[in-house]
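Chain identifiers are assigned alphabetically (A, B, ...) following the order of the sequence lines, protein sequences preceding nucleic acid strands; residue numbering begins at 1 within each chain.
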Amino acid sequence: MAIKLYGLRLDVNMKNKFFTQKVLNVVSQIPRGATLTYKEVAAQAGSPNASRVVGSILKQNYDLSIPCHRVIRSDGKIGEYNRGAQKKKQLLKEEGAL
DNA sequence: TAGTTGACCGGAA
DNA sequence: ATTCCGGCCAACT
């Protein structure tokens with residue numbers, strides 16, 4: 001559904017490709033040994049309340065050049081991972097991020 | 001195009 | 001410490 005507001009088309013229920021690109025970019029910039037939370041990534045990408053969406057985006061991404069294992073939950077838990085939560089924990093430990 | 005689904009978050013019980 | 005619940009919003013169907 002599209003809503004017109006002051007000449008702007010706000011598409012409800014439709015994708016925001018800018019957000020997705022920004023998320024991937026932010027995650028790819030996380031240095032070795034550092035971690036960000038899903039919420040922080042969402043904020044960096046311009047949508048502070050879209051932490052859950054960050055997860056679904058990273059879930060879709062299989063590009064190894066994007067270190068999505070460095071994104072963890074704000075409550076201190078590790079969170080999920082494409083190749084298994086154990087693998088994620090192991091990678092972080094190897095980088096000294098734990 | 002409308003409805004459903006989560007790699008989440010923060011507060012409440 | 002641990003579930004439970006409502007809100008969030010791009011992707012999926």
Side-chain angles (χ1 to χ4, degrees):
Chain A
M1 177 186 309
I3 300 174
K4 276 189 222 169
L5 182 61
Y6 300 111
L8 286 178
R9 274 204 332 271
L10 301 183
D11 291 326
V12 178
N13 222 8
M14 289 194 171
K15 332 184 174 193
N16 181 346
K17 271 194 170 172
F18 295 123
F19 182 71
T20 299
Q21 282 303 116
K22 201 84 181 293
V23 166
L24 294 177
N25 183 55
V26 169
V27 174
S28 66
Q29 303 296 358
I30 303 176
R32 181 184 171 83
T35 59
L36 285 183
T37 67
Y38 290 96
K39 190 172 74 165
E40 286 169 333
V41 173
Q44 289 288 319
S47 284
N49 303 347
S51 57
R52 214 168 172 179
V53 177
V54 172
S56 63
I57 291 171
L58 295 183
K59 181 181 188 180
Q60 288 300 128
N61 173 69
Y62 279 76
D63 189 346
L64 292 175
S65 70
I66 298 179
C68 46
H69 64 277
R70 296 182 186 144
V71 184
I72 64 176
R73 296 182 23 165
S74 61
D75 61 12
K77 295 198 185 95
I78 296 302
E80 295 299 320
Y81 190 54
N82 265 346
R83 305 159 204 275
Q86 290 302 319
K87 186 73 178 175
K88 185 174 182 179
K89 193 196 306 182
Q90 181 188 350
L91 288 171
L92 290 173
K93 195 170 263 184
E94 287 174 5
E95 295 182 352
L98 295 180

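What separates CD of A/Gln86 from P of B/dA7 is a distance of 17 Å, to the nearest Å. Residue A/Arg73 contributes atom CZ, which lies 15 Å from atom C1' of C/dC8 at whole-angstrom precision. Residue A/Leu24 contributes atom CG, which lies 13 Å from atom C1' of C/dA11 at whole-angstrom precision. If you measure from atom CG of A/Leu91 to atom C1' of B/dA7, you get 14 Å, rounded to the nearest angstrom. With rounding to whole Å, A/Asp75 atom CG is found 13 Å from B/dG11 atom P. Atom-to-atom, CG of A/Asn49 to P of C/dA10 comes out at 11 Å; the value is rounded to the nearest Å.
When each of A/Leu58, A/Ile57, A/Val54 is checked for a side-chain contact (heavy atoms from CB on, under 4.5 Å) with A/Val41, only A/Val54 meets the rule.
Residue A/Thr20 has its side chain nearest to C/dA10 when only B/dC8, B/dA7, C/dA10 are considered.
For A/Tyr38 and B/dA7, a side-chain-to-base donor-acceptor distance below 3.5 Å is present, hydrogens and geometry of angles not being considered.
Expressed to the nearest 0.5 Å, how far CD of A/Gln86 lies from CG of A/Leu91 amounts to 11.5 Å.
Residues from residues 50-66 of chain A that place a heavy atom under 4.0 Å from any atom of DNA chain C, listed by number: A/Ala50, A/Arg52, A/Val53, A/Gln60.
Put simply, A/Tyr81 and A/Ile72 are part of two different groups of oily side chains (I, L, V, M, F, W, Y) that touch within less than 4.5 Å, one to the next. Under the 4.5 Å side-chain heavy-atom criterion for grouping Ile, Leu, Val, Met, Phe, Trp and Tyr, A/Phe19 is connected to A/Ile30 within one hydrophobic cluster.
A distance-only check finds a donor-acceptor pair linking the side chain of A/Lys88 to the backbone of A/Ile78 [under 3.5 Å].
Taking both residues in full, the closest heavy atoms of A/Arg83 and A/Tyr62 are given as NH2-O, 3.7 Å, listed atom of the first, atom of the second, then distance.
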